[in-house]
> 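Quick one: this structure, given as structure tokens, is what I'll be asking you about.
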Amino acid sequence: MNQARSKNNLALFFVATAIAVLAIYIVFRFEPTLQQLLSARMGELGPKPATIVHILQLVFLGIFVYLLVRAFNVFIFGLFFRFRRGFEAPTLVRNIFSIIAFTALFFIIFSWRFPAVNLGALFTTSAIFGVILGLALQDTLGNFFAGISLQADRPFQVGDVITVGVQRHTGVVEEITWRAIKIRTFQNHVILISNSTAAKEPIEVCPRENLNARLVFFNTLYTDSPAKTIHVVREAVREADNVSQKISPIVRIRNLGDNGVEYEVKYWLNDYAKYNDTDALVRQRIWYAFRRAKLNFAYPTRTLLVERRPKTGMGEGEEGAIVERLSAVDIFAPLSSEETAMLAQAATSHVYAPGEIVIRGGDPGSSMFVVHNGRVSVQVTENGQPRTVATLSEGAFFGEMALFTGEPRTASVVAIEETEVLEIGHAAMKRVFDNNPDLVESLSYIIAERRQALAATEKLPGSESDESEGILSAIKRFFGMK
Ligand code: CMP
């Protein structure tokens, strides 16, 4: 659409230039003939024919010069500037260039065609003209000069986020013209702030190429450890989209408040214009991280509540669902129902937000996971880019290699949607093995089968029997068995 319009403009420009050139040719080439024609028609009355022809010449040359200046403008500021600097020159600079170039050329043509008239004197001696013009253009000129000083100072550019004035209008700068600054707010409204207003008001600038920071506040109960809170929140925020990886987020206590310990997290954004979304994501990540780490938000309360709770872990229904889930997992098929119930009791449940990393490839790990609700993707890094090798849903397990062999994690596992996983640790598995040592062998077969499938997707060599023998001895070694 834009391309079609610029094609039309180009065609219009060439047609207008051709007409102007033809008109100039006619008024100069047939000057004596035109003068004769005019004097024959007008006789002795009215202005002199020579003056009329000169005015015509001035008008056509003026049109031609106008077109020439526009073409120059497009060439220098549109194309040349974009190649050298990577962006188009501001509208204000282009307009000033056009006005100065056109006025200068017009003065030259005028004094060539009317050498007897002193244009400078005409302007300077006309005091009334000056006063009228000054009064009429007071605001316009104010904006114009404020615009020039803004361009000279360059406190901000198109694309920066700015907050202007006491009313704190915030948005992304879209255009700076000779009259006003145009900003688009985060509600997609356009606000025009006149240059002279902007010159008087304080302006807060968050440049596009700058790492701008944000603060997000939260609080915890006094019983929650600050060291743990700071660690948990820093790790949760670091992973969120649009949070810069260049500077690690800072989490610190800002106040010991009435209702709890008040914290702030300071983080840096890749794209500051998206700070509303990123703040929201950071808060969401903090909520999930709190839930997993068993941290608690403080809320205002003046009531003293003394509650004596029976010492129970999960509810009965919940535990039943976990037993059911674990008994449906193929590697746990050889376990007796008592052993499965023992595992279920030892399992801890964690909830992850979409996009959160459950385990990271290369990390050490001594637990495995079963997907209770939701879905996860298994990712390996290839040429610095993550590649999904498998998607696991409810009832699937992962992290078994690190648990059974003590090797580092072979891949990263990331939650696709809100996902609840059941974590089973080394100690719980050891208890199961101690009760039933024969289980190791059958487990190692199942794991070898699984690994074979993984090896096939990653095109790794290795036979199933070698695998299972290797795994068997690795598990025995790791769990201190003979
Ligand atoms: P572990 O090496 O402990 O940690 C990463 C886990 O991702 C790994 O155990 C497996 O459970 C799982 N995993 C690795 N590769 C694949 C794959 N190709 N398909 C399914 N799961 C995999």
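Numbering of ligands and ligand atoms starts at 1, following listing order. If you read the sequence from its start, that first residue is 1, and numbering goes on from there.
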> For ligand 1, is there an N or O atom under 3.5 Å from any N or O atom of G399?
yes
> Return yes if some donor-acceptor pair links the side-chain N/O of R375 with the main-chain N/O of A415 below 3.5 Å, else return no.
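Answer holds: no.
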> What atoms in ligand 1 come closer than 4.0 Å to a heavy atom of F398?
11 (O)
> Any nitrogen or oxygen of A402 lying under 3.5 Å from a nitrogen or oxygen in ligand 1? Just yes or no.
yes
> Within a distance under 4.0 Å of any heavy atom of A390, pick out the atoms of ligand 1 and give their elements.
19 (N), 20 (C)
> Between T410, I359, D363, which one has a non-hydrogen atom sitting closest to atom 2 (O) of ligand 1?
T410
> Of all residues at least two apart in sequence or in a different chain, which pass the side chain to side chain contact (heavy atoms under 4.5 Å, CB included) check with L12?
none
> State which residues pass ring pair (Phe, Tyr, Trp, His ring centres under 6.0 Å) with F14; sequence neighbours excluded, sorted by chain then number.
none
> What about F397 and F332, are their ring centers closer than 6.0 Å?
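No; F332 has its ring centre 6.0 Å or more from that of F397.
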> Heavy-atom contacts under 4.0 Å between M368 and ligand 1: side chain, backbone, both, or neither?
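Neither part.
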> For the CZ atom on F75, are there more than 12 heavy atoms of other groups (residues, nucleotides or ligands in this structure) within a distance under 6.0 Å?
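Count not over threshold, so no.
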